[in-house]
Amino acid sequence: MELRTSELSVGYGKKTVISGVNIQALRGQIIGILGPNGSGKTTLLRTLAGLLAPLSGTVYLNQENLSAMSLQKLATRLAVVLTGKQPIPRYLTVMELVAAGRYPYTDFRGKIGGRDLEKIYEALRWVQVEHLADRYVAELSDGEQQKVMLARALAQDTELIILDEPSSFLDLKNRTEFLRTLMELSRKRGMTVIWSLHEVDVALKCCETVILVKDGAIQAAGPPEGILNEEAVCQLYGGERLKMNMAIGNTELDNPNAAVIWVVGGGGTGTPVYRLLTKHGYGFATGILHQNDVDYHVASTMGVKVTAVPPFSQIDGQAVAAAKNSLAEAKIIIDSGFPLGVINRANLELITEGVRLGKPLISLREAANLACPVHPEERCSVSDLILRVRKYIC
Ligand code: ADP
């Protein structure tokens, strides 16, 4: 199923929410719509689904004008899953609700036949809710209801499905399963999926195309690898403090506080320390890191001062000199327990130098794994770190 729009404007009465929408969704594509709250994602999706009339322009389904289609025909072409709690009759079972998805195919009495049953069970299996078949929908959790709504849409047996923030009520496990289901539906059944979502990392991992919506217009549309970069995300959401790192597909809070701590990181051991210090409002500088280290990505995204060298290279004299400057300004040193190899031995010398300068050293290194020649005044686990830091910095 192919969906295309031509000079589409969407909105309510005299209020235009988004105009100049020219987008295309091909068979089997997963298209994600991203944009801040109130940017018009729901309004656009409702218009694409035929639930809201376009203010102007046209939506085509396989070359056919969607507005000219009968409701029944439309229901065999596309299914919709909307967010938010729909009013659900108290005594409606999951089986009955999913069976209602077969309405475009049943007669006026709604009689379910063998093929309908097949499709209903197939839909229940896709979403892994067969065990809930006899339960009342109103008594399910929000997450379970959301899965059941997807099963109902799948029972409709359409080639296009439109979903408005479908993963918002789902916990981590259910969200992962839900995303996998959508991806398999697109890959194995050639289903076209158009959905709105908030998670930029999910868009990067699951969508073939993303559409960025803001200020009444489509800001960009294309493969996420091409258009979703740090700058685009920052502009889209306008978050001053929220920083995105595309390499790790992650957001971090920025840390603008004065660097009173020198953290020696590496191999990912710095990351929990950085987040902890940022959460508690402590400024820090860190190094010496390799630019391919996850610690480098996390610290850089936070906007703190990072002394770094190119991937897999020896730490050179220039980096050591820069690190010594940062170290001199710090009140304490934290050794994150980084793994030690031939290319980062200079970090041990820096720690030794810091201790020689009289800086208190807190180490997260396990005693049995002590690669550090100096004896830390304080050795602790990451969960006790802030208590130790408070001893030196209020
Ligand atoms: P999003 O899904 O991106 O959060 P919406 O499509 O829900 O955004 O809303 C876009 C704009 O349309 C908002 O300004 C919202 O207040 C407005 N809006 C939403 N529903 C209606 C409605 N029924 N009538 C008039 N304006 C509406």
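Start at 1 and go down the list; that is how both ligands and their atoms are numbered. In this text the structure is predicted, and so the values were computed from the model without any measurement. Numbers for residues simply follow the sequence, beginning at 1.
Arg115 has its side chain within reach of Glu118: a pair of non-hydrogen atoms, C-beta onward, lies under 4.5 Å apart. Asn229 is not listed as a side-chain neighbour of Val233, based on a closest heavy-atom distance of 4.5 Å or more. Leu364 is not listed as a side-chain neighbour of Thr269, based on a closest heavy-atom distance of 4.5 Å or more.
In this structure, Arg365 satisfies the cation-pi test against Phe338, with its NZ or CZ atom closer than 6.0 Å to the six-membered ring centre and inside 45 degrees of the ring normal.
Here the closest non-hydrogen pair linking Asn37 and His198 is OD1-CE1, 3.4 Å.
At a 4.0 Å heavy-atom cut-off, ligand 1 touches Val17 through the side chain alone.
The shortest contact between atom 4 (O) of ligand 1 and any protein heavy atom is with Gly38 N, 2.7 Å. Counting protein heavy atoms only, atom 14 (O) of ligand 1 is closest to Lys15 NZ, 3.3 Å. Summary of contacts: the protein heavy atom closest to atom 24 (N) of ligand 1 is Tyr12 CG, 3.5 Å. Looking only at protein heavy atoms, the nearest one to atom 8 (O) of ligand 1 is Gly40 N, 3.1 Å. Here the heavy atom of the protein found nearest to atom 7 (O) of ligand 1 is Thr42 CB, 3.7 Å.
Contact between Gly11 and ligand 1 is absent, with no heavy atom of the residue lying under 4.0 Å from the ligand. Ligand 1 lies within reach of Ser39, whose nearest heavy atom is under 4.0 Å from it.
Residue contact check: Lys41 has heavy atoms under 4.0 Å from atoms 1 (P), 2 (O), 3 (O), 4 (O), 6 (O), 8 (O) of ligand 1. For ligand 1, the atoms sitting less than 4.0 Å from at least one non-hydrogen atom of Pro36 are 3 (O), numbered in the order shown with element in parentheses. Listed by atom number, the atoms of ligand 1 under 4.0 Å from Asn37 heavy atoms are 4 (O).
Around CG of Asp134, the count of heavy atoms belonging to other residues, nucleotides or ligands within 6.0 Å does not exceed 12.
Salt-bridge formation is not detected for the pair Arg125/Glu122: no Lys NZ or Arg NE/NH1/NH2 atom is positioned less than 4.0 Å from an Asp or Glu carboxylate oxygen.
By the rule that hydrophobic residues join a cluster once side-chain heavy atoms approach within less than 4.5 Å of another member, Met149 and Tyr136 end up as members of separate clusters.
When the options Leu45, Leu44, Thr43, Thr16 are ranked by their closest heavy atom to atom 9 (O) of ligand 1, first place goes to Thr43.
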